[in-house]
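As structure tokens, the structure follows; a few thoughts come after it.
Quick note on labels: first sequence line is chain A, next is B, and so on, each numbered from 1. Below, each value reflects all heavy atoms present in this structure, side chains not excepted, and no hydrogens, waters or symmetry copies.
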Number of protein chains: 2
Amino acid sequence: MDNPTRPWTMQQIADAAGVSVTTVSHALSGKRPVNPQTAARIHRLIDQFQYVPDAGARRLQSGRSRTIGLAVPDISHWYFGRIARGVEDAANEADHGLVVTSTSNADPRREARCFTMLTTRAIDGLVYASSRSTAEIEQLARAARTAPLVLSDENIDSLDVPSVSTTVYEGARDAVTLLKTLGHERIVAIAGYQGLPSTLERTRALHEVFPGSLTFHGDFELASGYRIATELLAADVRFTAIFAHNDYMAIGAMQRLQEAGWRVPEDVSIIGFDDTDSATMVTPTLTTVRKDMVEVGRRSGLLLLEQLAGTPGSAQSSVLLPTELVVRGSTGPAPRAPRA
Amino acid sequence: MDNPTRPWTMQQIADAAGVSVTTVSHALSGKRPVNPQTAARIHRLIDQFQYVPDAGARRLQSGRSRTIGLAVPDISHWYFGRIARGVEDAANEADHGLVVTSTSNADPRREARCFTMLTTRAIDGLVYASSRSTAEIEQLARAARTAPLVLSDENIDSLDVPSVSTTVYEGARDAVTLLKTLGHERIVAIAGYQGLPSTLERTRALHEVFPGSLTFHGDFELASGYRIATELLAADVRFTAIFAHNDYMAIGAMQRLQEAGWRVPEDVSIIGFDDTDSATMVTPTLTTVRKDMVEVGRRSGLLLLEQLAGTPGSAQSSVLLPTELVVRGSTGPAPRAPRA
DNA sequence: CTGTTAGCGCTTTCAC
DNA sequence: GTGAAAGCGCTAACAG
């Protein structure tokens, strides 16, 4: 019994080819001329043995793991899955691996995992997508000094870190302008986490068109939209339209109002944000603001890889991707009188 | 200008503590007694410097990267996101990282990525979740000889590899039995990929209760359910119920039939599979068979980590997780006569 | 209880 | 065009 399928080492290839490891290394990297015949022999052996250089040894020598990290609140969410897919695409195109960490689950060890991986150099850089308030800024700033970092989906101005985000202000403005055009006057916002930049921007856009409209903060889950709608009904608040900061909360609110006998869009118009798959599954279909989250992820990955490659010009730049209002069935002309 | 925030090495800690690296190493691992005072001094220094041992060096020495891989068709899908979350939870509990690879995108280099990571030993083992036909069995068998492998969500009998899957046969049986109980006689199946074990099992269950019922194969996307329903209408096929192999195809079919004026469940009953978030967003809500995909992922990760730890007894075992029929609004008594 | 030494598998001077 | 040798940062014999 010999060793159980141990991978081949470069030394073994060198021995088989009758050359030194140095030559094999250079035949592989091309960083130094190698006799064509020798090179051919080496490559034949490599193919035959299915030899692949050991990642750990390479990493130790070169200082690069050829792996990047992605931190998201929860990888199982549609939204962050899209981002992850984009980052992965970018990473793989550059022949890098992607380590994913879900941060939001109360376990602080897990919170710190991605930053630890940066210092252990298990990853060369990190794409950070958080949807919580900006409490961990300190940690991010420290991480940014250690290794390349890209902020994804949110831009924290106080942090001098490259970021990729979307024109949520313009998107929100388009959305509420539509409501205005339709004659609505009393709007209620079901917003995202308080203090989150993208929440603030959308609220700003809302207030520019409808000053003084009510804002309630949810957690981006369907249940919170449902709950807020329940509170609205109980408190007998008068409104003819709801502007939600994501589709799930919009759908939750829509469900609750429909249960209470409201007709959408005859009695109330509802607008979401993101354009998730669900937006076209509900009845009526949901008017929403589309963001291409796969693209957000892809650009985030590219930005990080640029930093890693050390392209100097592009560093510190930030990318802003467009949003698009998608008008569907959940919005319509304001009713004569708001329903009680 | 000194080195730009280079991580500390163990040597530097050793120098600062006035001991050898060996002692630092053992103070850290506890694999050999160290003078309490010395140990305390070392730990103080470690905390102060925020020292973390280099992952690459550890990996090179120990042969373990403390990282596992996950291969899924597409991480941005709800379904695989759930699996990923479960695998990640298991990995993180064991202080392992998780590298994610989406395999299905026509790029063969990408297909091979996860297996290459196995041979470069960037990952110690792999959780493989494919939803395609069993073409890549050869590759999987080879990989299984090299490193620990766990099949997730699908069990390929011909492969002697541990797997985690769900009782889809029983789930399908429950679903079609419900239809039988409701008096349905003409069922059409919108099935998954042909040749996929889980597809075959569900088809078997269907045929045991409704021999000879029609089966059409989709690709698990909403559009394919929609398309198959269109074909059904065009061909004037008579049926009173649809059994779809996942929720998205069920919803696609439901949309198409509703567009054609069919009422659900008065004219047609529809059953899905998986119990995705969408199942409760559509109107009527969807009767479906619940699978806990996060748990499938978690158990897959645990099984892999057990193999890595070398616990001998548990190797080669396979896990089968339960399914549960969730009756909602899309199923009802069969109409007197099938609608044309 | 602690230090010296020899690698893990690779890249990269430096010498021929 | 090629090879010998020195590490990358860590662990684990082997000696005190």
Open item on the list: side chain to side chain contact (heavy atoms under 4.5 Å, CB included), that's the test. Do Leu140(A) and Leu151(A) meet it? Break it down for me.
Closed with: CA-CA 9 Å; Leu140(A) 282 171; Leu151(A) 247 37; 4.3 Å; yes
Open item on the list: Let's go through Val161(A) and Ile156(A) carefully: what are the C-alpha distance in whole Å and the side-chain angles of both, what is the deciding distance for side chain to side chain contact (heavy atoms under 4.5 Å, CB included) to 0.1 Å, and is it a yes or a no?
Closed with: CA-CA 8 Å; Val161(A) 167; Ile156(A) 303 175; over 6 Å; no
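The ring-ring contact (aromatic ring centres under 6.0 Å, His included) pairs that include a residue from residues 10-30 of chain A number zero, where partners must be two or more places apart or lie in different chains.
Scanning for salt bridge (charged side-chain N to carboxylate O under 4.0 Å, His left out) contacts around Asp15(B) gives an empty result, with sequence neighbours left out. The salt bridge (charged side-chain N to carboxylate O under 4.0 Å, His left out) test applied to Arg298(A) returns Glu295(A), not counting sequence neighbours.
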Open item on the list: Treating primed atoms plus P, OP1 and OP2 as sugar-phosphate and everything else as base, which nucleotides of nucleotides 11-16 of chain D get B, S or - for protein heavy atoms under 4.0 Å?
Closed with: BBBB--
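With DNA chain D read from its 5' end, the first of the two nearest nucleotides for Val19(A) and Arg121(A) is the one closest to Val19(A). Nearest-nucleotide positions on DNA chain C for Thr23(B) and Leu60(A) put Thr23(B) closer to the 5' end.
Between chain A and DNA chain C, the heavy-atom contact criterion of under 4.0 Å yields a 5' to 3' nucleotide range of dG9(C) to dC14(C).
Proximity of residues 33-48 of chain A to DNA chain C (heavy atom under 4.0 angstrom from any strand atom) is not detected for any residue.
Look at Arg58(A) and Asp54(A) and you find no salt bridge, because none of the NZ, NE, NH1 or NH2 atoms lies under 4.0 Å from a carboxylate O. Using a cut-off of 4.0 Å between Lys/Arg side-chain N and Asp/Glu carboxylate O, Arg113(A) and Asp95(B) are scored as salt-bridged.
Judged by distance alone, the side chain of Asp124(B) and the main-chain N or O of Ser65(B) form a donor-acceptor pair under 3.5 Å. A side-chain donor-acceptor contact under 3.5 Å links Arg59(A) to the backbone of Arg121(A).
Contact check, Thr9(B) against dG9(D): no side-chain N or O comes under 4.0 Å of OP1 or OP2.
When each of Ser317(B), Ser152(B), Ser318(B) is checked for a side-chain hydrogen bond (donor to acceptor under 3.5 Å, both in side chains) with Ser163(B), only Ser318(B) meets the rule.
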